Amino acid sequence: MAIQKSEPSVGGVQSFRLPDVGEGLVEAELLTWYVKPGDEIEVNQMICEIETAKAVVELPSPFAGTVRELLAEEGQTVEVGAVIITVDDGTGGGSPAEGAPGEKAPAEEEREKPLVGYGERAASTQRRPRRRPAPSGPASAPAPEPGPKAAEPVLPSTPAEETGPGPVPAPERPLAKPPVRKLARDLGVDLASVTPTGEGGVVTREDVRSSAEAAQAPAAQAAPEPEAAPRTDRAVRERRIPVKGVRKHTAAAMVNSAFTAPHVTEFLQVDVTRTMKAVARLRERPDFADVRVSPLLLVAKALLMAVRRHPEINASWDGDNQEIVVKDYVNLGIAAATERGLVVPNIKDADAMALPELSAALKRLTETAREGKTSPADMSGGTITVTNVGVFGVDAGTPIINPGEAAILAFGQIRDMPWVHKGELKIRKVTTLSLSFDHRLVDGELGSKVLRDVGAALEDPELTALAWG
């Protein structure tokens, strides 16, 4: 992936901004840092892993040098364009002081504070004083009040009082590495209340855990509730899962599709006994030795043949120009359930592939999706989608159309069922097909013809392949 090099700052420190690795994405979650401050890196070395709304992507460094600062924490959502890391390329020795470019006064070097969580705290660290509120009334001291004055209690003096009036220093931010800060947030620990034990006053993981255990100790020592009392604390018995990354994108896309495109879903039960026999025979062929032939492959092929006979189903709605855009190519989307949520990568120009080539592309796409490594290019440009709900033990469903497409085909589990075959009641392999389509551009006749042809291709795959090509 090509990433443009960021503009270098004066002194040789490069700032790397989070790029848009998809199509108009605005943010991404930083999953893992592969580097840390002080590491030497090279051009195109992978420095971190991010999760966008579409996929997990590794980012390469566009320049070489020494990692200076990590400006985003693992688990943090970062906006596109924000600086996430700075690297010293060795051409200027760091950021200059105000004055001659490339030079730094010794006092300024002494005052410079290292990245929070890394290195030791400078002994002479100074902070900008807070502004004191302006005194009210005239500038001169107020005249003493007449009459006797009551004795005031003598309070212990503070260092500021002993040295006279002066600026009050602002409280320092606790030193902790990004993973430690995330742990503190997860455990509900205020870092300012933690006593650091790390070198240079750095808060460690053990410090955070000890503080969390200490906070829980008083609650544990409290008098237990009566055994008969029911548990009413819902927070203890509930889990909250942040909606971000792929899940966030999928949720937004499905809501937009469901409430924008008028969905119509039709169902068809099909005898797929011959399809299952064809799957078994294909698995024995040498040209399918390196791929796993599944019923999904023949369902996908049946859909592609139906699209060839009815190309208007392979279209999209252009609301701005009030036009139906019919595609003369088929980028076949395959819905895949992953740990990060539902993704729909697509096989480019699937209609031009022979069955072995389609099988290999399907295998590559599903494996990459389950590994969380689907590229943004594979996620965009789909024209029609197929989803297999049968793998979850489901007979049928009403699938939601992938945004930008006109239809989606779902097929359920294949079961042994009683079926009338050649005038006799027999046990056959039967499945249910569901076709959802956008009623703005696909009417009931077109949708029914497409579903009928997919069913016919699965009932007799060899004959339809010969007849339809």
Side-chain angles (χ1 to χ4, degrees), residues 266-289 291-314 328-330 332-334 347 349-363 383-391 395-396 406-437 442 444-469:
E266 295 185 339
F267 302 88
L268 179 66
Q269 276 195 320
V270 181
D271 176 2
V272 292
T273 305
R274 291 183 178 178
T275 288
M276 296 308 294
K277 292 179 179 179
V279 168
R281 290 197 300 269
L282 286 173
R283 289 173 178 171
E284 298 174 355
R285 294 182 59 87
D287 43 352
F288 290 91
V291 294
R292 180 180 179 274
V293 180
S294 68
L296 175 62
L297 173 63
L298 295 191
V299 172
K301 188 63 176 179
L303 178 59
L304 291 172
M305 287 192 292
V307 169
R308 182 180 301 172
R309 288 167 56 83
H310 309 283
E312 295 83 4
I313 197 72
N314 187 52
D328 292 331
Y329 56 91
V330 181
L332 182 62
I334 306 294
I347 302 172
D349 296 315
D351 55 320
M353 294 181 178
L355 196 60
E357 188 180 3
L358 180 64
S359 178
L362 180 62
K363 177 177 181 288
T383 62
I384 194 167
T385 295
V386 59
T387 179
N388 181 7
V389 299
V391 295
D395 290 332
I408 179 173
L409 176 71
F411 78 100
Q413 64 175 328
I414 299 172
R415 300 195 300 158
D416 289 337
M417 293 182 63
W419 195 265
V420 177
H421 178 67
K422 295 182 179 180
E424 297 181 7
L425 186 62
K426 297 183 179 180
I427 300 299
R428 305 285 287 182
K429 301 288 185 183
V430 178
T431 191
T432 302
L433 302 175
S434 312
L435 182 71
S436 291
F437 51 87
V442 179
E445 180 184 10
L446 175 59
S448 299
K449 287 181 177 179
V450 171
L451 186 59
R452 176 202 64 195
D453 284 1
V454 173
L458 293 175
E459 285 183 344
D460 195 342
E462 296 168 339
L463 181 60
T464 52
L466 291 173
W468 299 342

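All values reported here derive from a predicted model rather than from experimental measurement. We number each residue from 1, following the sequence as shown.
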Exercise: identify the closest heavy-atom pair between [X] and [Y]:
X: Glu459; Y: Pro461; answer: C-CD, 3.8 Å
X: Val442; Y: Gly447; answer: CG1-N, 3.7 Å
X: Phe411; Y: Leu433; answer: CB-CD2, 3.4 Å
X: Gly444; Y: Ser448; answer: O-OG, 2.7 Å
X: Ala306; Y: Asp453; answer: CB-CB, 4.0 Å

Measure from the side-chain N and O atoms of [X] to the backbone N and O of [Y], and report whether any donor-acceptor pair falls under 3.5 Å.
X: Ser434; Y: Phe267; answer: no
X: Thr275; Y: Leu458; answer: yes
X: Arg283; Y: Val293; answer: yes
X: Thr464; Y: Asp460; answer: yes
X: Asn314; Y: Asp328; answer: no

Any side-chain donor paired with an acceptor under 3.5 Å for Asp395 and Thr432?
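Result is no, nothing qualifies.
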
From the options Leu446, Ile313, Leu268, select the one residue that forms a side-chain contact (heavy atoms from CB on, under 4.5 Å) with Leu451.
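Single pass found, and it is Leu268.
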
With rounding to the nearest 0.5 angstrom, report the [atom1] to [atom2] distance, [X] to [Y].
X: Glu266; Y: Phe437; atom1: CD; atom2: CZ; answer: 4.0 Å
X: Leu298; Y: Leu303; atom1: CG; atom2: CG; answer: 12.5 Å
X: Leu355; Y: Lys301; atom1: CG; atom2: NZ; answer: 6.0 Å
X: Leu358; Y: Ile347; atom1: CG; atom2: CD1; answer: 5.0 Å
X: Met417; Y: Thr431; atom1: CE; atom2: OG1; answer: 10.0 Å

Would you mind reporting whether [Y] and [X] have side-chain heavy atoms less than 4.5 Å apart?
X: Leu296; Y: Val391; value: no
X: Val386; Y: Ile334; value: yes
X: Pro295; Y: Val272; value: no
X: Ile384; Y: Leu332; value: yes
X: Met353; Y: Asp349; value: no
X: Asp351; Y: Val307; value: no
X: Arg452; Y: His310; value: yes

Apply salt bridge (charged side-chain N to carboxylate O under 4.0 Å, His left out) to Arg292 and list each qualifying residue two or more places apart in sequence or on a separate chain.
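Residues passing salt bridge (charged side-chain N to carboxylate O under 4.0 Å, His left out) with Arg292: none at all.
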
Ion pair present between Arg428 and Asp416, side-chain N to carboxylate O less than 4.0 angstrom?
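Here Arg428 does not pair with Asp416 in a salt bridge, since their nearest N and O are not under 4.0 Å apart.
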
Is it the case that Arg308 places NZ or CZ above or below the six-membered ring of Trp468, under 6.0 angstrom from the centre and within 45 degrees of the axis?
no

